[in-house]
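Input: a single structure, listed below in structure tokens.
Order of appearance sets the numbers: ligands from 1, and atoms from 1 within every ligand. Here the structure is a predicted model, which is why all the values come from computation and not from measurement.
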Amino acid sequence: MTISGAWQRTARGAGLLAADGSVAASIFAEMSALAARTGAINLGQGFPDEDGPAVVLEAARQAISDGVNQYPPGRGQPILLEAIARHQQRFYGLTLDAGSEILATAGATEALAATILALIEPGDEVVTFEPFYDAYGGLIGLGGGIHRTVPLRAPDFQPDLDALRDAVTDRTRLIIVNDPHNPTGAVFPRETLELIVELANQHNALVVTDEVYEHLTFGAPHIPIATLPGAWERTVTISSGGKTFSLTGWKVGWLSAPAAIVTAILAVKQFLTYVNAAPFQPAIAVGLGLPDAYFDGIAADMKAKRDVLAPGLRAAGFEISVPQGSYFIVADATPLGFTDGTELCRKLPGLAGVVAVPIAAFCSPGNRAEYAPLVRFAYCKKEPLLEQASAQLAALSRS
Ligand SMILES: *Cc1c(COP(=O)(O)O)cnc(C)c1O
């Protein structure tokens, strides 16, 4: 190992660097670069191609003009914390103390980072479902935790409940639950969420939820785990304004939990970012207070987008699982003769002028083979673009 390589200890130990010293898990960057280079339609990364509500954008401009530009309080601006409390009450009947039970963060990502780093010790086990949002694996590694996964399998990507029971033991410190789920679009039914709470109680584990797609479900309304009996005391609920307001670049997120847990997380958060971008906080507070029509509208719009891309992918010859929430569709390329989704994603710009990402990028190394033929397409894009992508993908079934 080179001298500089020898200094890469923690990043290497946590599996964040590839053997050649480059940043691992760079498939997202590789695919976005491929889209930029080839001009292909980028259905790889999950960001919308339209900005969020005009009143929210205007509120940020106004905040800058009004001089909301210096360090805000570490927990977040009271106006945002109170808006989050009202949102949790209005949608879920959860009564929170804005001053002690809520923390504003730099996106859901910092909420996850501070939570995991605050709540695990080296050697603790953390259970997630698989495929999983890539940050979970990296953060568990940075915290010295051991990552155990419960597989989600096509066609519906629901967990086998016995496998879930087997994964949670007295060594489990955290169970991370992303519902609605990225990348599969699965929404867990109440029974599954109840079992998670039961197992957490039985084994004295904490539940960490990632609910960034809470307002993007297409059937049954979203159920926050914290609302279930026996859950609140041991649950950290995480969300973000990025997906709900189509403002992924603003990175305003938050978490809520019992005060003592929030304090532990704040102790870590203060040394990650100290505080978060001041003018965006009152603006997201405006968003959280928008009328029900806004929240119903984004779910209906996203469902309509899904219903453009899903038949397009089927017509192209993929086998798909129809998502019940989120921004994404998982497509199986096996019927098209591809068994390696990573290879397909590298070829897809040339074959059809479209970019996707392989599901293997959301899996631990040992389990990538099982998910190899699957790829993820994002449909959080304008409908004409999704129609064009569908038309281009039709070339696959002709070749
Ligand atoms: C987008 C996303 C995040 C990151 O949210 P930010 O607010 O941008 O940090 C976290 N979890 C999941 C499942 C996501 O899809």
Side-chain angles (χ1 to χ4, degrees), residues 25 27-29 31-32 42-49 51-52 56 76 80 84 87 102-117 126 128-140 149 152 157 174-188 207-217 222 224-225 236-256 265 269 272-273 276-277 280-281 283-285 287-288 298 302 306 323-330 356-357 359 361-363 376-381:
I27 191 81
F28 298 96
M31 290 303 150
S32 280
N42 190 355
L43 304 185
Q45 238 185 341
F47 61 88
D49 56 358
D51 288 341
V56 177
L80 174 61
I84 294 163
H87 172 276
I102 302 176
L103 185 62
T105 55
T109 306
E110 192 201 21
L112 287 160
T115 299
I116 292 168
L117 295 177
V126 180
T128 76
F129 297 92
E130 182 166 20
F132 51 84
Y133 187 64
D134 57 342
Y136 304 165
L139 291 167
I140 294 165
T149 64
L152 303 177
F157 294 106
L174 304 178
I175 307 171
I176 303 180
V177 185
N178 172 212
D179 175 45
H181 187 259
N182 173 9
T184 67
V187 169
F188 292 169
V207 178
V208 176
T209 71
D210 176 343
E211 306 182 28
V212 300
Y213 299 102
E214 61 187 315
H215 290 293
L216 296 170
T217 61
H222 175 62
I225 287 188
V236 179
T237 301
I238 293 175
S239 193
S240 159
K243 310 291 162 57
T244 296
F245 302 112
S246 298
L247 294 167
T248 59
W250 282 19
K251 300 296 288 189
V252 177
W254 54 86
L255 60 86
S256 54
I265 298 169
K269 181 247 157 36
L272 294 180
T273 54
N276 302 119
F280 297 126
Q281 296 189 37
I284 292 293
L288 289 168
I298 57 168
M302 202 56 70
R306 175 197 76 176
Q324 297 308 305
S326 89
Y327 278 179
F328 307 106
I329 299 184
V330 174
V357 291
I359 294 296
F362 302 87
C363 297
R376 187 192 79 173
F377 290 89
Y379 51 85
C380 51
K381 309 288 177 180

For ligand 1, list all ligand N or O to protein N or O distances below 3.5 Å, rounded to 0.1 Å.
{"unit_1": "ligand 1", "atom_1": "7 (O)", "unit_2": "A108", "atom_2": "N", "d": "2.8"}
{"unit_1": "ligand 1", "atom_1": "7 (O)", "unit_2": "S240", "atom_2": "OG", "d": "2.6"}
{"unit_1": "ligand 1", "atom_1": "8 (O)", "unit_2": "K251", "atom_2": "NZ", "d": "3.1"}
{"unit_1": "ligand 1", "atom_1": "9 (O)", "unit_2": "A108", "atom_2": "N", "d": "3.1"}
{"unit_1": "ligand 1", "atom_1": "9 (O)", "unit_2": "T109", "atom_2": "N", "d": "2.9"}
{"unit_1": "ligand 1", "atom_1": "9 (O)", "unit_2": "T109", "atom_2": "OG1", "d": "2.6"}
{"unit_1": "ligand 1", "atom_1": "9 (O)", "unit_2": "K251", "atom_2": "NZ", "d": "2.7"}
{"unit_1": "ligand 1", "atom_1": "11 (N)", "unit_2": "D210", "atom_2": "OD1", "d": "3.4"}
{"unit_1": "ligand 1", "atom_1": "11 (N)", "unit_2": "D210", "atom_2": "OD2", "d": "2.6"}
{"unit_1": "ligand 1", "atom_1": "15 (O)", "unit_2": "N182", "atom_2": "ND2", "d": "2.9"}
{"unit_1": "ligand 1", "atom_1": "15 (O)", "unit_2": "Y213", "atom_2": "OH", "d": "2.7"}
{"unit_1": "ligand 1", "atom_1": "15 (O)", "unit_2": "K243", "atom_2": "NZ", "d": "3.0"}

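- Results of the side-chain contact (heavy atoms from CB on, under 4.5 Å) test with S32 over N42, I27, V357 single out N42 as the only residue that passes.
- With sequence neighbours excluded, no residue forms a salt bridge (Lys or Arg N to Asp or Glu O under 4.0 Å) with K381.
- The aromatic ring centres of F28 and F362 sit less than 6.0 Å apart.
- S239 places a side-chain N or O within 3.5 Å of a backbone atom of E211 that can act as its donor or acceptor partner.
- In this structure, Y213 OH and F328 CZ are separated by 4.0 Å, a value rounded to the nearest 0.5 Å.
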Worked verdict on V208 versus V126 for side chain to side chain contact (heavy atoms under 4.5 Å, CB included) = CA-CA 10 Å; V208 176; V126 180; over 6 Å; no
